[in-house]
Protein chains: 2
Amino acid sequence: MKRITIYDVAKEADVSLATVSRVINDSNVVREDTKQRVQEAIEKLGYKPNAIAQGLALSKTTTVSIVMSEKLFAYNGKILNGLMDVAKIYNYNIMFHTTSKGISKMQDVIESIIKSHVDGVILFNDNFSEDEMEVLQEYQIPMVVVGSQLAETGIDNVGNVYVNFEQMAYDMVNQLFDKGITDISLVEDKLNLSMMAQLRSGIEKAFTKKGLEFKKYISYDDTYKSSYNFLTDYFKSHKPSQFVFTFRDSQAIALLNTCQEAGYKIPDDCQMVCILNNKYLSMTRPNISTFNIPEYDMGAVSMRLLTKMLVDDDSIKNKDSKQIELGYSFIPKGTTN
Amino acid sequence: MKRITIYDVAKEADVSLATVSRVINDSNVVREDTKQRVQEAIEKLGYKPNAIAQGLALSKTTTVSIVMSEKLFAYNGKILNGLMDVAKIYNYNIMFHTTSKGISKMQDVIESIIKSHVDGVILFNDNFSEDEMEVLQEYQIPMVVVGSQLAETGIDNVGNVYVNFEQMAYDMVNQLFDKGITDISLVEDKLNLSMMAQLRSGIEKAFTKKGLEFKKYISYDDTYKSSYNFLTDYFKSHKPSQFVFTFRDSQAIALLNTCQEAGYKIPDDCQMVCILNNKYLSMTRPNISTFNIPEYDMGAVSMRLLTKMLVDDDSIKNKDSKQIELGYSFIPKGTTN
DNA sequence: TTGTATGCGTTATCAT
DNA sequence: ATGATAACGCATACAA
């Protein structure tokens, strides 16, 4: 079946293709009755403009790329929802790219982004290097990074929507100090290393201010099973810290389960908090304390920012206006007191 | 910055654009030394073919659409991984569409699929109606549905990769009958209604064969919190069934937690199984029995099937060869005996 | 207000 | 083996 083109519509409505083009683009110069005729023809033939041809003619694809790690679907679902919803509002299509562990996979993604001529890119943190951002920059592709705060770079046309994890950790540790708690651990999450770095930095700042040194940045294979096995073994010869920061649900739950199975009372013997919130933290006994991070909003704001960058909105001309920090709040549950 | 085009390369290498086109498409008619020259020019200028222009010239975008419900990221992550990995192998780009609850949202998705001129579509079950599939069919867009088995339809150029949930339920119920268990419930999962329908059908067939009637198809708001509240209340005046089928982790865990809190012993007083497996089922006490469903393979096989359909592979000419059933196995854990 | 002609960056069909 | 040229389907500057 040959697809209906603008020519077919033009013939049917007995006008030129330019006129058809005008009505589908809402030009107001076209007379009302011919507009009618054209629209009837479009309806009758079931014409749908070819986005590829439009893209070529306009050098604009109304498509944006989203790049995220393939391990993180489950955790970034809400951010994705925010992104998709706003993209839908602005009629942007989404090209979806995943990066895997393998060497230089991000290169391939960038290659296909460039070839595809997408209008903009959303990058999830922890997937790329500064070099890779620079490549995108060379091609003048607007991009926004969602997740954690970017380090200062020479790159200036990049948006950034983030939560201040450093502050989060800093404040919480200070509160712990006030309660006399100084035996504090941070469990590494290998899937979110940039966020880890910021949490660690926040903790270290608080320690330094207090005249202490932070030593318990703990790293082990952090799937649930590995964590569980490691910690089960660990607690045979060690006590848990007074307070433990974990990042993902699996890590928190592994800690909770192993602690309890080792005979420790939660939160009396060990308090813990899981940075990323989700429903699973409410399925344990006790429920795990966490933070309310505006994930959906992070996605929605990111996409909205990107659309503004795509139309060169005046309100985001300078660099600072593209750095958007979103708030968060602590949700105390059963693993802290 | 003007993007480098094939003209720029042609000028640089002092050949015509036709020759450049030939070398990037690996035509073997071009002489070795000019090929060299062209490749050097490409390298020097950093030329990347414009996929949009290629798409227009070839009527082929090397892009496939994936359509899934926005509620299901977290659960279909592995299927997505399978899809993406195979797509990457075949150099297909992915357009990602989500459907939400709102009325006729799928219409919009279809509209954008048609306009985008993607080469094919992967549909997750429970997102669309037969009518909507027919629209895609009219446009000759190859599609494969992944998840559960499609009902017989007039549509014949559609692939289908699925697990036989009906058989799964049928077999398990017969095994329960053998053990003398007949008090069996199935908890509805509103996010996966087509799979529910098949499970229910399997259970009903087993019951009918036994001369019994299946009555306990249980439906309530099935988020974790709602389930939890509902069941907590329910168990104040009811006993649990001898055996309960749940579909998602939240439902299983809600049941497990409320049962235990109501004083019932698992699995002695109530056995349960969760159809979809994930790590959270191993975080509860006892661990929840489940099925090993080849999710990654479902994605990988689906995408591979689609690529075959896109090149009109002979091996999938007839309808049956596009219906691919994948196996599964039962994973007994602590909630069954 | 409408039509004509050109360009967007490729591929493919002709010639040469 | 290479080059000129016509598509592909649309938007738009320019003419009428």
Side-chain angles (χ1 to χ4, degrees), chain A residues 1-39 41-42 45-63 91 93 112 114-119 139, chain B residues 1-39 41-42 45-63 91 93 112 114-119 139:
Chain A
M1 183 197 69
K2 182 187 168 304
R3 297 268 268 245
I4 307 296
T5 73
I6 201 169
Y7 293 100
D8 302 320
V9 177
K11 191 185 294 175
E12 176 74 27
D14 199 32
V15 293
S16 78
L17 75 165
T19 301
V20 178
S21 176
R22 287 187 188 103
V23 342
I24 55 181
N25 291 302
D26 263 342
S27 165
N28 45 7
V29 301
V30 47
R31 214 196 311 151
E32 194 56 36
D33 59 325
T34 75
K35 189 183 218 166
Q36 284 287 337
R37 256 201 350 276
V38 171
Q39 274 165 339
I42 288 175
L45 301 178
Y47 167 71
K48 312 234 184 268
N50 179 335
I52 302 299
Q54 288 179 319
L56 189 59
L58 292 174
S59 298
K60 182 175 183 320
T61 52
T62 53
T63 299
N91 272 307
N93 292 313
S112 93
I114 292 169
K115 288 182 181 171
S116 303
H117 281 241
V118 299
D119 297 333
Y139 283 87
Chain B
M1 184 197 70
K2 181 184 168 302
R3 298 270 269 245
I4 307 295
T5 74
I6 200 167
Y7 292 101
D8 302 318
V9 177
K11 190 185 293 175
E12 175 74 26
D14 199 33
V15 294
S16 77
L17 74 167
T19 301
V20 178
S21 177
R22 286 186 188 105
V23 342
I24 55 183
N25 291 300
D26 262 345
S27 164
N28 45 7
V29 301
V30 47
R31 215 196 312 151
E32 193 55 37
D33 59 326
T34 76
K35 188 183 218 165
Q36 284 287 337
R37 250 193 5 269
V38 172
Q39 274 165 339
I42 289 176
L45 301 178
Y47 166 71
K48 313 236 185 264
N50 179 333
I52 302 298
Q54 287 178 320
L56 188 58
L58 292 173
S59 298
K60 182 175 184 317
T61 52
T62 54
T63 299
N91 272 307
N93 291 314
S112 92
I114 292 169
K115 287 182 180 171
S116 304
H117 281 241
V118 298
D119 297 333
Y139 283 88

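Proteins get letters first, then strands, A, B, ... in listed order; numbering begins at 1 in each. Since the structure is predicted, the reported quantities are computational estimates derived from the model, not experimental observations. Side chains are part of it too, since the values below use all heavy atoms of this structure and drop only hydrogens, waters and symmetry mates.
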**Prompt:** Do K2(A) and D8(A) have side-chain heavy atoms sitting under 4.5 Å apart?
**Reply:** yes

**Prompt:** Whole-Å distance between dT6(C) C1' and L56(A) CG?
**Reply:** 13 Å

**Complete:** Atom CG of D26(A) and atom P of dT1(C) are separated, to the nearest Å, by 15 Å

**Request:** Find which nucleotide of DNA chain D each of Q54(A) and S16(B) is nearest to by heavy atoms, and output the residue with the more 5' nucleotide.
**Result:** S16(B)

**Prompt:** What is the distance, rounded to the nearest whole Å, between atom CG of D33(A) and atom C1' of dT1(C)?
**Reply:** 10 Å

**Prompt:** OP1, OP2 of dT11(C) versus side-chain N and O of N25(B): anything below 4.0 Å?
**Reply:** yes

**Request:** Mind calculating the distance between CD1 (I6(B)) and P (dG9(C)) to the nearest angstrom?
**Result:** 11 Å

**Asked** R22(B) side chain: which of dT13(C), dG3(C), dG9(C) is closest?
**Response** dT13(C)

**Message:** What is the distance, to the nearest angstrom, from the NZ atom on K115(A) to the C1' atom on dT11(C)?
**Reply:** 16 Å

**Fill in**
Atom CG of L17(B) and atom P of dG7(C) are separated, to the nearest Å, by 14 Å

**Asked** Which two nucleotides bound the region of DNA chain D that has atoms under 4.0 Å from heavy atoms of chain B, read 5' to 3'?
**Response** dA1(D) to dG9(D)

**Rounded interatomic separation in angstrom, taking CG from D119(A) and P from dC8(C)** = 18 Å

